[in-house]
Protein chains: 2
Amino acid sequence: MNDTPQDAETFANICKALAHPARIRIVRYLKAVDQCICGEIVQILPLAQSTVSQHLKILKTAGLVRGEVEGPRTCYCLDREVLEQFKKMTAAI
Amino acid sequence: MNDTPQDAETFANICKALAHPARIRIVRYLKAVDQCICGEIVQILPLAQSTVSQHLKILKTAGLVRGEVEGPRTCYCLDREVLEQFKKMTAAI
DNA sequence: ATCGTATATCGTCGAATAACGATTAAAGGA
DNA sequence: TCCTTTAATCGTTATTCGACGATATACGAT
């Protein structure tokens, strides 16, 4: 791992995406079930659908999660590659 | 590592503390020099003294950094224990 | 006792976050 | 075709963040 300001920014961005308990729980859930639709997560978390959708968007923007539309629903899964990258960066702190 | 909502909150809190490039750079710097005073960090970062002090406070509150007053200055260092804990939690995601 | 240095804290401001309900969009089924 | 389901987006509101300058505090040195 590098140690440039840019690198710090990259790492900070992923941390930011994970800096909310709901998003941690989403990531863990996805890890456990491999993939699921948004509504499933809404069931699990004590949050409104729109709020969950927003959290998913944040995780997606950070690259940690991918979603693909399947008819009226969207199937979400972890991007394990990105997650591994993050783990490596963390280990290198 | 556990997988409770409380655990998610704990982890999210540390992520939040690291969710800013300046704070990442502070942690890395402390890792490299082992310990230093606030002014040293002010030199390194393109931020005002008060801003750096604030970032240090956030890191301290999260437990990642400890500071002990030495006369008119404060000597900061990493809490390697907490950092290791965070690394383990991250690896367990 | 005063001055200078080093930090922390306060107050402020704009920007970003988090949450929600309401609305919209896009299928799929009746 | 119309209704239902699912999810995304919009608009709003309250809160938090990030940055700064100014001020306060605490020592050490003169």
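Per chain, numbering begins at 1; letters A, B, ... match sequence-line order. Remember, it's a predicted structure, so these values are computed and weren't measured experimentally.
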Under 4.0 Å between a Lys/Arg side-chain N and an Asp/Glu carboxylate O for E84(A) and K87(A)?
yes
State whether D7(B) and R28(A) are salt-bridged, where the test is any N-O pair (Lys NZ or Arg NE/NH1/NH2 against Asp/Glu carboxylate O) under 4.0 Å.
yes
Using a heavy-atom cut-off of 4.0 Å across all strands, would you classify T51(B) as base, sugar-phosphate, or nothing?
base
Using a 4.0 Å heavy-atom cut-off across all strands, classify L47(A) as base, sugar-phosphate, or nothing.
sugar-phosphate
From C-beta outward on [X], which listed nucleotide comes closest to its side chain: [options]?
X: P72(A); options: dC20(D), dG28(C), dG18(D); value: dG28(C)
X: T74(B); options: dA6(C), dG18(D), dT7(C); value: dT7(C)
X: C38(A); options: dA7(D), dA19(D), dA18(C); value: dA7(D)
X: Q49(A); options: dG28(D), dG18(D), dA7(D); value: dA7(D)
X: I37(B); options: dG21(D), dC20(C), dA6(C); value: dA6(C)
X: A48(B); options: dA26(D), dT9(C), dG21(D); value: dG21(D)

Check whether any side-chain heavy atom of M89(A) lies under 4.5 Å from a side-chain heavy atom of I14(A), and answer yes or no.
yes
How about F86(B) and L18(B): do any of their side-chain heavy atoms sit closer than 4.5 Å?
yes
Go nucleotide by nucleotide along DNA chain C from the 5' end; which of G71(A) and A22(A) gets its closest nucleotide reached first?
A22(A)
Please check the phosphate of [N] (OP1 and OP2 only) for any side-chain N or O of [X] closer than 4.0 Å.
X: K16(B); N: dC17(D); value: yes
X: H55(A); N: dT17(C); value: no
X: Y76(A); N: dA8(D); value: yes
X: K57(A); N: dA8(D); value: no

Are any side-chain N or O atoms of K31(B) and backbone N or O atoms of I93(A), one a donor and one an acceptor, separated by less than 3.5 Å?
yes
Interatomic distance where [atom1] belongs to [X] and [atom2] belongs to [N] [whole Å]:
X: R23(A); N: dA18(C); atom1: CZ; atom2: C1'; answer: 9 Å
X: N13(A); N: dG18(D); atom1: CG; atom2: C1'; answer: 15 Å
X: E68(B); N: dA8(C); atom1: CD; atom2: P; answer: 13 Å
X: I41(A); N: dA7(D); atom1: CD1; atom2: P; answer: 9 Å
X: L45(A); N: dC20(C); atom1: CG; atom2: P; answer: 11 Å
X: E70(B); N: dG28(D); atom1: CD; atom2: C1'; answer: 14 Å
X: L59(A); N: dA8(D); atom1: CG; atom2: P; answer: 12 Å
X: L18(B); N: dG18(D); atom1: CG; atom2: P; answer: 12 Å

Nearest heavy atom decides the nucleotide; on that basis, is R73(A) or S50(A) closer to the 5' end of DNA chain D?
R73(A)
Spacing of CD1 belonging to I37(A) relative to CG belonging to L56(A), to within rounding of 0.5 Å:
11.5 Å
